[in-house]
Amino acid sequence: MMSVHDDFEKEVRGATEAALGKIGAAGAEYRIEIPSAGNADLAVPCFQMSKSMRKAPKAIAEELAAAIEPAGMIASIDALNGYLNFTMDPEILTRRTIDEILESGSCYGGHGKNGIRVNVEHTSTNPTGPIHVGRARNPIIGDTLARAMKLRGYDVTTEYYVNDVGKQVVILTWGVNNIPPEDVEKADREKADHALVAYYRAANRMMESDPEVQEKIADLLRRFEAGDSKVISEVRKTAQRMLDGLKETLESINVGLDVYTWESRFIADGTARSVVEQLTASDYAGKEDDGACYLDLKDFGIQGKNTKFTFTRADGTTLYTTRDLAYHLDKFKRADRVIDVLGEDQKLGSKQLCSALEILGCERKPEALFYSFVSLPEGKMSTRKGVVVYLDDLIDEAVTRAYEEIRSRRTDLSEERMREIASIIGVGAIRYNIVRVQPEKQMIFKWEDALNFDGNSGPFLQYAYTRTCSMLRKAGEFEPSADPSKLTDEYETALVKVLSRFGSVIEEAAEEGRVHMIPAYGHEVASTFNQFYASVPVLSSDRERNERLTLVMCTRIVLRNVLTCLGMGAPEEM
RNA sequence: GGACGGGUGGCCUAGCCUGGAUAUGGCGGCAGCCUCCUAAGCUGCAAGCCGAGGGUUCGAAUCCCUCCCCGUUCGCCA
């Protein structure tokens, strides 16, 4: 279905071309843009045609404006500063926007099912410790992208790749099975991930200082790589315990993943081995003196000291990226589009993976979405060193703050209800503050920013939402009406305009992975609604009551869709 | 040293891909607004050589070049 804006642009294009013909400049190049100034809806800058027409832009704009009569959706045309400005008929915009929102409801902003299967892999943190805020962008960006794509119409599957292979999980397993509980620091909470990470840290420390421990861990790793089923299942068991803790954290911020794929599977089912065989047979393959195999990727735009990408160790065992290749080949079978949400440290690895896929004759590539790490003012976070802020602690702090806020302003709510709302607000604040900034921008974690509840924040959107709920609750029964002749106030028009843009925001977020557009848009909706709320009486209005309530209803739908996309709760009161 | 990303009022941030009118929004600061639908709100004010310098263009935060600062990376780790 064509949106109001698409239809309007089409009419503007038609009118502009006709006008150019009339003034003897048919075929002139022009652009249509959204004005950065003024109240018009679309504009045609007349600067670029100025040279060939040998006329001042201002004069061209004026001539063009004079050559166009308002018709159809075009309500008025005017020339200003060398721009030809078009204003859309507000009545048409209002009626079509409201009708579409009421008709589409929770699907508003989307496009209907498109049948394209998308696999979004996100989070995939090593199961060696709790999720810390340095990595917290991953689940939040990934989950938001998945939700936006779902709304847009994709058939989305989210997936977590569990690294149950390699030195790190072996160290953890050794620690859990060999260090007595009294030798590790007491965990600050009982969740498995928090309880287990102490063993991981202790094992790392012991390994560094005690050659005997180092040898024991090396031995365990050798048995693991040799396929010792007892060792493999021990490691898997530890990883599973850790993962259960991670899942709990993810659930608490409304992130649920559809599929968990274990890395060890690609060793067990032989697909990693088959990748090795195919790569070895390729023209780019080489072998070190000691037997390690590599691809030389100098022809694939990989630059640096070393263009080699090693895919087996000297002993022939596979490496992480080798197994990741098998994993991607598997994902390609299951989805039409494969998206990986990755930390910026994976950039080279991802590029090597794409080159290797090409060498394997695979025509498809994963689409990578990279984000920069969140660091602390004193430097980067490290699970091993214990220099971290855990996501669980951030959530607790945010919920506690939200609880205090509610208790200070509400006396009519039950304890249970206040706790429930506090959780919705606290979690919303965290998700919003993280997804707000474009992924590639580095972030420095500060408690006061992370816990911001005012202005450009999650609770700001939720608060506007509760206002819509409260008004509709108090209004009781009413007859919905999109009669545009009764919604002519500037605040009403501004609100309708903002609501009408939701589809294009979702399009950009979903198609280009620009998820930070969603919170920015949500803030605009909430802010425009708050201005309307402060200036236009609704419940006490008479002649326009139904139309205003209908507009409030539409705002509620859009805000709820935005909140859903952001994985934030929509509280009826707060 | 190479590669990739970031640098926008005191602080955080949008815009950059696709050049265009007075550079977006927030925090903090200052001054106002609750006899009206929840003040987690609204209104107003102060605050900017868009990292620096060149170039292209009628026009540059946006494109190109050089340089500076920050982050990531250049493992037979994951």
Side-chain angles (χ1 to χ4, degrees), chain A residues 31 33 35-38 43 45-48 50-51 56-57 80-83 85 124 126 128 163 165-169 263 288 290-294 301-308 310-317 319-321 323-324 343-349 351 370-373 375 380 402 405-406 408-410 425 429 433 436-444 446 448-449 452-464 466-475 512 514 516-517 520 523-524 526-527 530-531 533-541 548-549 552 573-574:
Chain A
R31 260 173 27 82
E33 62 183 36
S36 57
C46 302
F47 304 92
Q48 66 186 129
S50 158
K51 207 168 194 175
L80 184 68
N81 302 333
Y83 286 85
N85 288 326
S124 302
N126 281 334
T128 49
N163 307 120
V165 176
K167 197 170 180 179
Q168 294 181 67
V169 276
E263 185 178 346
E288 304 287 3
D290 62 8
C293 297
Y294 62 87
I302 302 226
Q303 284 147 331
K305 289 178 190 164
N306 197 342
T307 55
K308 284 180 188 171
T310 305
F311 63 90
T312 75
R313 295 191 180 89
D315 64 7
T317 54
L319 293 158
Y320 175 82
T321 311
R323 300 184 291 266
D324 206 16
E344 59 179 338
D345 56 338
Q346 309 285 318
K347 275 187 183 176
L348 178 64
K351 208 168 171 185
F370 295 105
Y371 63 91
S372 295
F373 294 118
S375 58
K380 62 165 142 180
E405 285 286 328
I406 296 167
S408 74
R409 63 187 83 218
R410 297 293 292 263
I425 305 298
N433 278 317
R436 223 183 74 219
V437 324
Q438 52 171 317
E440 52 270 30
K441 204 137 183 160
Q442 64 211 45
M443 283 179 103
I444 294 171
K446 294 197 187 96
E448 58 162 327
D449 295 339
N452 177 34
F453 288 1
D454 303 314
N456 189 6
S457 74
F460 181 91
L461 309 208
Q462 291 169 320
Y463 185 65
T466 62
R467 280 180 154 177
T468 64
C469 292
S470 160
M471 288 167 100
L472 292 165
R473 202 163 45 232
K474 289 189 174 160
E512 291 170 59
R514 293 164 60 80
H516 64 289
M517 299 279 82
H523 179 259
E524 217 180 323
S527 175
N530 281 336
Q531 288 165 41
Y533 180 91
S535 327
V536 181
V538 176
L539 294 180
S540 61
S541 65
R548 287 181 178 168
L549 280 167
V552 171
E573 57 185 345
M574 64 189 263

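Owing to the predicted nature of the structure, the values given are computational and were not obtained by experimental measurement. Hydrogens, waters and symmetry mates are skipped; everything else that's a heavy atom, side chains included, is used.
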Between the protein and nucleotides 6-8 of chain B, are there any N/O to N/O pairs under 3.5 Å, and if so, what are the atom names and distances?
from: B/rG7; atom 1: OP1; to: A/K441; atom 2: NZ; distance (Å): 2.9

Item to complete: Could you check which of B/rC17, B/rA21, B/rG26 has an atom nearest any side-chain atom of A/E512?
Response: B/rC17
Worksheet item: Roughly how far apart are A/L319 CG and A/R313 CZ, rounded to 0.5 Å?
Response: 5.0 Å
Worksheet item: Are A/V169 and A/N126 side-chain neighbours, meaning at least one heavy-atom pair lies under 4.5 Å?
Response: no
Worksheet item: Roughly, in whole Å, what's the span from CZ in A/R323 to P in B/rC77?
Response: 10 Å
Worksheet entry | Check: A/D290 side chain, B/rC76 base, donor-acceptor under 3.5 Å | yes
Item to complete: Decide, yes or no, whether a salt bridge links A/K446 with A/E448 under the criterion of side-chain N to carboxylate O below 4.0 Å.
Response: no
Worksheet entry | Polar pair under 3.5 Å, donor/acceptor by atom type, side chain A/N530, base B/rA39 | no
Discussion item. Of the listed nucleotides (B/rG26, B/rA21, B/rC37), which one gets closest to any side-chain atom of A/H523?
Written reply: B/rG26
Fill in: In B/rC34, glycosidic geometry as syn within 90° of 0 or anti otherwise
syn
Practice prompt. Look through every strand shown and name the nucleotide pairing with B/rC63 as Watson-Crick or G-U wobble, where both distances are under 3.5 Å.
Written response: B/rG55
Worksheet item: Are the side chain of A/S372 and the backbone of A/E440 linked by a donor-acceptor contact shorter than 3.5 Å?
Response: yes
